[in-house]
Protein chains: 4
Amino acid sequence: MESKVGRPRSERAREAVLHAVDDLLVEVGYAAVTMKGIAERAGVSRQTVYRWWSTKAEILLEASATDAEEELTVTPTDDPLADLTTYLQALINFLAHSHAGSAYRALIGEAQHDPEVAQLLAGKDILGSSARAVITRAVPTYDTPEALELATARLIGPTFFAIMTGRDPRQLDPQALARTFFA
Amino acid sequence: MESKVGRPRSERAREAVLHAVDDLLVEVGYAAVTMKGIAERAGVSRQTVYRWWSTKAEILLEASATDAEEELTVTPTDDPLADLTTYLQALINFLAHSHAGSAYRALIGEAQHDPEVAQLLAGKDILGSSARAVITRAVPTYDTPEALELATARLIGPTFFAIMTGRDPRQLDPQALARTFFA
Amino acid sequence: MESKVGRPRSERAREAVLHAVDDLLVEVGYAAVTMKGIAERAGVSRQTVYRWWSTKAEILLEASATDAEEELTVTPTDDPLADLTTYLQALINFLAHSHAGSAYRALIGEAQHDPEVAQLLAGKDILGSSARAVITRAVPTYDTPEALELATARLIGPTFFAIMTGRDPRQLDPQALARTFFA
Amino acid sequence: MESKVGRPRSERAREAVLHAVDDLLVEVGYAAVTMKGIAERAGVSRQTVYRWWSTKAEILLEASATDAEEELTVTPTDDPLADLTTYLQALINFLAHSHAGSAYRALIGEAQHDPEVAQLLAGKDILGSSARAVITRAVPTYDTPEALELATARLIGPTFFAIMTGRDPRQLDPQALARTFFA
DNA sequence: CTTTAATCGAGACGGTACGTCGAGTCTTAAG
DNA sequence: CTTAAGACTCGACGTACCGTCTCGATTAAAG
């Protein structure tokens with residue numbers, strides 16, 4: 001239950017923070033994004049940032065989650081192979097080239113040594129859920145949770161591995177990857 | 001070429017630092033490992049640490065690279081499927097349960113937002129080279145660089161993805177994963 | 001013009017620093033007084049010290065300027081020679097035996113090789129102004145700036161020289177010095 | 001007693017250090033002269049510097065003492081006032097404008113907060129001895145140690161004070177100062 | 001002509017202060 | 001009760017100089 005008395009939360013401040021974090025990520029990179037920097041860029045006091053978010057990971061997640069979902073949504077056709085290919089192309093673009101993607105990679109990275117970030121990400125399985133949607137439609141026989149989980153890892157894993165370990169994304173061929181999924 | 005004049009580097013200090021960083025990683029986690037902390041734990045001056053390494057990532061890599069190689073080396077048999085299964089099991093153990101593995105995950109994470117760390121890792125493709133060794137033996141027909149690269153991503157990717165995104169490693173079945181590689 | 005918004009400066013911190021620097025000067029000597037040491041002794045963060053003062057010289061000057069003025073102020077009588085004698089005795093006590101005096105000597109010393117300290121001291125001619133006050137009253141005929149400046153140097157100089165070059169202050173006879181001033 | 005066996009002290013190294021300290025004093029100022037810097041500038045190992053001198057003050061004193069003596073030596077005439085005037089002019093030049101003088105001022109400054117430097121200087125009363133020589137010749141009646149000491153302070157003091165406290169040396173009139181000495 | 005002993009250079013070592021930065025928290029006055 | 005402003009404590013950053021040490025290489029007198 002939210003209190004009704006007192007000055008209400010400033011929507012202006014909230015948006016300013018989210019935009020600031022987005023801008024800063026592009027301009028200076030994740031590592032150089034600081035709570036102090038966000039506050040100054042947003043023209044907002046530091047206390048205000050801390051009042052609503054406790055880490056930069058939280059802000060980043062809120063700032064890029066919707067973008068991520070959009071970028072990974074594929075409009076289905078009747079051709080399963082084409083759908084998977086399209087999805088993989090979107091995945092490559094997302095991870096290797098988009099702002100939301102680099103935020104996501106930074107968060108995954110942070111999660112490797114920060115349990116709080118790990119838990120934060122566990123609640124929003126962005127990659128997994130988008131992949132499951134595509135797989136369920138393309139191969140309806142993967143209907144048990146275990147099969148679906150394995151299929152998800154097989155679909156996303158190779159691309160995810162290649163990009164996270166710094167391989168050249170131009171070498172990735174979405175169609176070839178899609179074919180090996182069916183093989 | 002190493003200089004021969006002057007006081008020689010202290011092997012004692014070098015080892016103390018590498019052990020300290022290993023211990024600290026386990027005790028406090030990557031994020032809380034600091035250059036200062038390493039120096040104090042090793043009983044070594046801060047200057048000495050900076051003289052030989054410029055970041056904690058460098059120290060960590062030097063401290064765990066040999067362990068990683070050992071843990072991912074598989075003695076070959078005549079059964080390709082068994083070899084791949086053994087390798088995948090080793091990979092799961094490495095990434096999810098070993099010290100060297102958690103150091104590696106931390107480094108991969110850091111590499112997502114620190115180009116220097118990324119370059120550092122690019123020079124030591126620990127996972128890739130171990131996988132290529134196994135694949136070349138099990139499926140000699142993957143003989144072009146492109147085919148080998150794709151095969152590597154297909155072999156490691158699913159496991160890598162599952163563990164890096166926080167999925168439960170006990171759900172991973174190395175034999176099932178190996179079979180899908182051949183499929 | 002001082003800002004009115006934001007948390008006001010902590011008077012407690014300011015005083016703690018000034019006292020700390022005074023104490024440390026006596027205990028360990030000027031050379032061993034460090035910004036870090038001051039902060040720790042004052043129970044104040046290093047950042048706070050740097051926020052308000054940029055060198056230990058600045059702190060020392062602020063800490064001892066008022067004391068110095070007091071110690072060098074002479075209540076006038078009708079006897080010029082007695083007034084000068086009293087003043088010279090005060091000057092000897094100040095330079096050779098008081099805390100504020102040893103702070104002043106340290107600052108004069110630092111000023112010989114630090115232009116910033118020199119400029120700092122130029123703005124507060126502690127010795128000169130106290131001497132001018134006494135001279136103007138005792139010998140009203142020194143009324144041009146040049147004459148006053150020369151008289152100041154003649155009054156203070158011998159004592160200043162003797163103490164700064166490490167001569168025994170007990171050998172200094174204020175009355176004899178005062179007499180030579182009139183001669 | 002000096003040992004006769006072993007490699008003899010390198011005269012080349014000794015001179016290189018003394019020259020280096022002279023040069024550095026001019027170029028970077030006393031405060032920025034460091035033992036490390038001296039060694040590097042002299043092309044000599046740090047150990048070698050420490051072997052023969054324990055502080056930079058010692059080196060500086062050795063490097064400038066002879067210069068100081070020369071600069072303050074006055075060839076006597078038959079005119080006492082002229083001799084004192086000449087001496088005071090030399091004193092002003094020395095303290096305000098010469099290299100040896102700025103070294104001396106730096107040492108006097110250091111002596112205010114470093115007892116070792118104070119003792120070092122006590123053994124070489126550069127200013128005092130040069131002044132005594134002039135006074136003894138100009139006013140033979142100052143023949144007791146006390147009278148001589150007072151006269152020395154009266155002769156040097158005003159100039160010393162004016163320059164050490166940062167007054168403009170061009171305002172100092174050696175002849176006027178000499179006259180007040182006799183008055 | 002070979003010890004022997006002190007020198008020299010180079011450069012690594014453990015310390016400690018430097019001045020800066022970001023993290024979070026706290027204290028004002030204004031809305 | 002929120003907000004902007006800004007001071008506060010804390011602790012790591014990377015650098016610099018301190019004075020000491022350990023090397024191998026010189027250099028000269030003593031055996």
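Proteins get letters first, then strands, A, B, ... in listed order; numbering begins at 1 in each. Treat the numbers as computed from the prediction; the structure is a model and nothing was measured.
Counting to the nearest Å, the P atom of dC26(E) and the CZ atom of R51(A) are 13 Å from each other. dA4(F) atom C1' lies 15 Å from atom CH2 of W52(A), rounded to whole Å. As a whole-Å value, the separation of E58(A) CD from dA23(E) P is 15 Å. With rounding to whole Å, I38(A) atom CD1 is found 14 Å from dG24(E) atom C1'. Taking atom CZ on R12(B) and atom P on dC13(E), their separation rounds to 10 Å, with Å as the unit. Residue R9(D) contributes atom CZ, which lies 16 Å from atom C1' of dG9(E) at whole-angstrom precision. Put simply, CD on E40(A) is 11 Å from P on dG6(F), counting in whole angstrom units. Between W53(C) atom CH2 and dG19(E) atom C1' there is a gap of 17 Å when expressed in whole angstrom units.
Remark: R12(D) is not positioned above the aromatic ring of W52(D), lacking an NZ or CZ atom under 6.0 angstrom from the ring centre and at most 45 degrees off the axis. Relative to the ring axis of Y30(C), K56(C) places its NZ or CZ within 45° and under 6.0 Å from the centre.
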Short heteroatom pairs, N/O only, protein and nucleotides 17-21 of chain F, under 3.5 Å:
unit_1	atom_1	unit_2	atom_2	d
dC18(F)	OP1	M35(D)	N	3.1
dC18(F)	OP2	M35(D)	N	3.3
dC18(F)	OP2	K36(D)	N	2.9
dG19(F)	OP2	Y50(D)	OH	2.8
dG19(F)	N7	R46(D)	NH1	3.1
dG19(F)	O6	R46(D)	NH1	3.4
dG19(F)	O6	R46(D)	NH2	3.0
dC21(F)	O2	R7(B)	NH1	3.2
dC21(F)	N4	Q47(D)	OE1	2.4

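The residues E62(C) and R14(C) are annotated as salt-bridged, a charged nitrogen and a carboxylate oxygen being separated by less than 4.0 angstrom.
Residues forming a side-chain hydrogen bond (donor to acceptor under 3.5 Å, both in side chains) with E40(B) (at least two apart in sequence, or on another chain): none. Take E27(A) and apply the side chain to side chain contact (heavy atoms under 4.5 Å, CB included) test, not counting sequence neighbours, and it matches D23(A), R41(A).
Base engagement by T48(C) is indicated by at least one non-hydrogen atom pair under 4.0 Å involving a base atom. Note on R14(C): nothing from the nucleic acid sits closer than 4.0 angstrom, heavy atoms only.
Other residues, nucleotides and ligands contribute more than 12 heavy atoms inside 6.0 Å of the CD atom of E15(A). Surrounding CD of Q119(B) are at most 12 heavy atoms belonging to other residues, nucleotides or ligands under 6.0 Å away.
Map A13(D) and P8(C) each onto its nearest nucleotide of DNA chain E; the residue landing nearer the 5' end is A13(D).
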